[in-house]
Amino acid sequence: LAQATVQRALEARFPRRNLHANPLLRRALFLDLCLTHGERWGTVPDDDLLFLGQLWRDLANDQRQPSRGGLVSNRAALGAVADAQIELSRFEVSWKELVVPLSADVVAALNALIEARILRRTAADNVRFTHDLLDAFSMAEGLFAAPRRVDAFLQELSEDGMWSVAATYA
């Protein structure tokens, strides 16, 4: 994105903050995520992994009130999507494939994440993150949360002929 475009968007959303020098925000995904989720951040990381880690922590710890009411935590919903993505080795998963009971709180959190444009519905019964980078980060976070699953995940990838993906995680 053009520097002037980034600067206008940031000044409109954060008039008292000097964020326009952050080179990461010239990428549309990061600018959008910063504009929609970065209001509480003291600083905005200029490294993509640090940025995504900050976003993930904020989302996991966030207790929000979706438009349909009720205070819910996103942690179980984020974990359920990540676990299903790892288990199935794909980004798009059916709500039925989520590995947690779909309690009213988890469903409310999933819907809140859809409203927040972190998740999106891809078909009547499927969900995934709104960008491949968020999907990949979700899977990596899920593997870091349960290191015992890494070897099994890499073995499955290698058996499926996905050596380049397995080498990335190894």
Side-chain angles (χ1 to χ4, degrees), residues 24-25 27 29-30 32-66 70-123 125-170:
L24 192 60
L25 299 180
R27 294 168 52 193
L29 170 67
F30 292 99
D32 181 56
L33 290 170
C34 179
L35 292 172
T36 55
H37 302 283
E39 64 191 24
R40 296 181 305 220
W41 300 356
T43 60
V44 176
D46 58 4
D47 174 86
D48 54 352
L49 289 177
L50 294 175
F51 184 103
L52 292 171
Q54 176 68 44
L55 175 70
W56 191 267
R57 282 188 304 278
D58 282 358
L59 291 171
N61 293 326
D62 193 19
Q63 293 200 3
R64 62 178 55 218
Q65 190 161 358
L71 195 63
V72 296
S73 171
N74 294 329
R75 185 174 303 278
L78 289 167
V81 174
D83 289 344
Q85 289 176 321
I86 293 166
E87 188 68 31
L88 301 168
S89 299
R90 65 175 191 257
F91 291 159
E92 186 174 321
V93 296
S94 165
W95 286 49
K96 295 174 190 169
E97 295 168 322
L98 298 178
V99 290
V100 298
L102 288 178
S103 68
D105 287 347
V106 172
V107 171
L110 288 167
N111 284 323
L113 290 165
I114 290 168
E115 287 176 20
R117 296 187 351 243
I118 295 297
L119 293 175
R120 67 181 168 100
R121 292 181 194 272
T122 57
D125 199 24
N126 293 343
V127 67
R128 66 171 293 181
F129 286 87
T130 54
H131 193 278
D132 289 353
L133 193 54
L134 294 173
D135 285 309
F137 193 83
S138 164
M139 293 176 79
E141 281 293 310
L143 289 170
F144 283 127
R148 68 190 184 292
R149 297 174 65 187
V150 173
D151 289 338
F153 181 70
L154 293 176
Q155 181 64 35
E156 183 180 321
L157 288 176
S158 66
E159 289 172 2
D160 290 343
M162 299 185 69
W163 288 106
S164 64
V165 175
T168 301
Y169 283 101

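- Proximity of Phe137 to Asp48: side-chain heavy atoms (C-beta onward) are nowhere separated by under 4.5 Å.
- Rounding to the nearest 0.5 angstrom, the gap separating the CG atom in Leu35 from the CG atom in Leu25 is 8.0 Å.
- When side chains are defined from C-beta on, Arg121 counts as touching Ile114, because their heavy atoms get closer than 4.5 Å.
- The side-chain heavy atoms of Arg117 and Asp32, taken from C-beta on, include a pair separated by under 4.5 Å.
- Taking OG from Ser138 and CG from Leu52, the interatomic distance works out to 11.0 Å, rounded to the nearest 0.5 Å.
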**Message:** Apply side chain to side chain donor-acceptor pair (under 3.5 Å) to residues Asp58 and Gln54 and explain how you reach the verdict.
**Reply:** CA-CA 6 Å; Asp58 282 358; Gln54 176 68 44; 3.1 Å; yes

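- Using a 4.5 Å heavy-atom cutoff, the side chains of Ile118 and His37 are in contact.
- You'll find the side chain of Arg128 stays beyond 4.5 Å of the side chain of Val93, heavy atoms only.
- Leu110 is not listed as a side-chain neighbour of Asn74, based on a closest heavy-atom distance of 4.5 Å or more.
- Contact between Phe91 and Gln85 at its shortest, heavy atoms only, is O-NE2, 2.9 Å.
- The distance from atom CZ of Arg120 to atom CG of Leu134, rounded to the nearest 0.5 Å, is 10.5 Å.
- No side-chain heavy atom of Leu24 sits under 4.5 Å from any side-chain heavy atom of Asp47.
- Here the CG atom belonging to Leu55 is positioned 5.0 Å from the CH2 atom belonging to Trp41, to the nearest 0.5 angstrom.
- If you take CD on Glu115 and CG on Asn111, they are separated by 6.5 Å, rounding to the nearest 0.5 Å.
- Looking at Glu97, its side chain does come within 3.5 Å of a backbone N or O of Ser94 through a donor-acceptor pair.
- Closest approach of Thr122 and Val127 over heavy atoms only: OG1-N, 4.2 Å.
- When ring centroids are compared, Phe51 and Trp56 stay outside the 6.0 Å threshold.
- Judged purely by atom type and a 3.5 angstrom limit, Arg27 has no side-chain atom pairing as donor or acceptor with the backbone of Leu29.
- Put simply, the side chain of Phe129 reaches to within 4.5 Å of the side chain of Leu78, judged on heavy atoms.
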